[in-house]
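Throughout, protein chains are lettered first and strands after them, A, B, ... in sequence-line order, and every chain is numbered starting at 1.
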Amino acid sequence: MKALAPDFYERPVLEVARALIGCMLEHDGCAGVIVETEAYHESEPACHAFIGITARTQTLFGPAGRAYVYRSYGIHALFNAVCEPAGIGAAVLIRALEPIAGLELMRRRRGRLGGRVASDYELCSGPGKLTQALGISLQHNGEDLGRGAVRLGVAPGQPAAARVIAGPRIGITHAVELPWRFCAAGSRYVSRPRPPWPPA
DNA sequence: CATGGGATTGACT
DNA sequence: GTCAATCCCATGC
């Protein structure tokens, strides 16, 4: 896999969120193609960077191309790629993957669901699910995505970018009107609710 | 120092 | 559809 160059991330976060659809995320023997993302920017209140630089958000304001990992609802680790030049707080949340490699390891990490073995579609179809499946945790916060344990890149022979559709973000209470969620059109590996939106 | 909310998930009705 | 689990951190006293 070829790592994405730092300047890939050093762009408007909406561009990066779209461009990451079809790219590959990889960690510790597991990998998947990104099929769903969301953009967050300091200018809007749903973004953690909205409140300014704190101990929690300093990664978001740091250089582009690093990981921003934080705990959600006390339970789940959510993985983001920091974007835009240093000093601007922005990131892309990776929400779902199509599993490509290490599926058995993913299944082991995800555990049994109600005594049942997880299907391929359930392995990475959510931001908390994919970090669990890949073994990504808070300790990866701040890592360089080109050189660290968690890598983001382009797979060899990666097919042409899928058609991307845009809609409202999930699970937030502020700025719900912004259509900053992006999905690979027609993919069965995206999270719920599945996108009913028209092509963008 | 105490408190409350959150970019979620899975189990249960 | 509803609800609890569980922890980091921002905020306020």
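In this model, a side-chain donor or acceptor of Tyr70(A) finds a partner on the base of dA7(B) within 3.5 Å.
A salt bridge links Glu122(A) with Arg116(A): the closest approach of a Lys/Arg side-chain nitrogen to an acidic carboxylate oxygen falls below 4.0 angstrom. Look at Arg169(A) and Glu44(A) and you find a salt bridge, because one of the NZ, NE, NH1 or NH2 atoms lies within 4.0 Å of a carboxylate O, short of that distance.
Atom CD in Gln58(A) sits roughly 13 Å away from atom C1' in dC9(C) (whole-Å rounding). Atom CG of Asn80(A) is separated from atom C1' of dT8(B) by 14 Å (rounded to the nearest Å).
Using a 4.0 Å heavy-atom distance criterion, Leu93(A) is classed as a base contact. Within 4.0 Å (heavy atoms only), Arg95(A) reaches sugar-phosphate atoms of the nucleic acid but no base atom. Ile75(A) comes within contact range of at least one nucleobase, with a heavy-atom separation under 4.0 Å.
An OP1 or OP2 oxygen of dA10(C) is reached within less than 4.0 angstrom by a side-chain nitrogen or oxygen of Thr54(A). Contact check, Arg110(A) against dG10(B): a side-chain N or O comes under 4.0 Å of OP1 or OP2.
Closest approach of Val16(A) to Tyr9(A), counting heavy atoms only: CG2-O, 3.9 Å.
Side-chain proximity of Arg71(A) to dC7(C), dA10(C), dT8(B): nearest is dC7(C). Comparing dA7(B), dT8(B), dG10(B) by their nearest atom to the side chain of Lys129(A) picks out dG10(B).
Applying the Watson-Crick and G-U wobble criteria (two distances, each under 3.5 Å), dA7(B) pairs with nothing in any strand.
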Any chance you could lay out the ring-ring contact (aromatic ring centres under 6.0 Å, His included) test for His48(A) and Tyr70(A), step after step, and finish with the verdict? CA-CA 10 Å; His48(A) 292 169; Tyr70(A) 74 97; 4.6 Å; yes
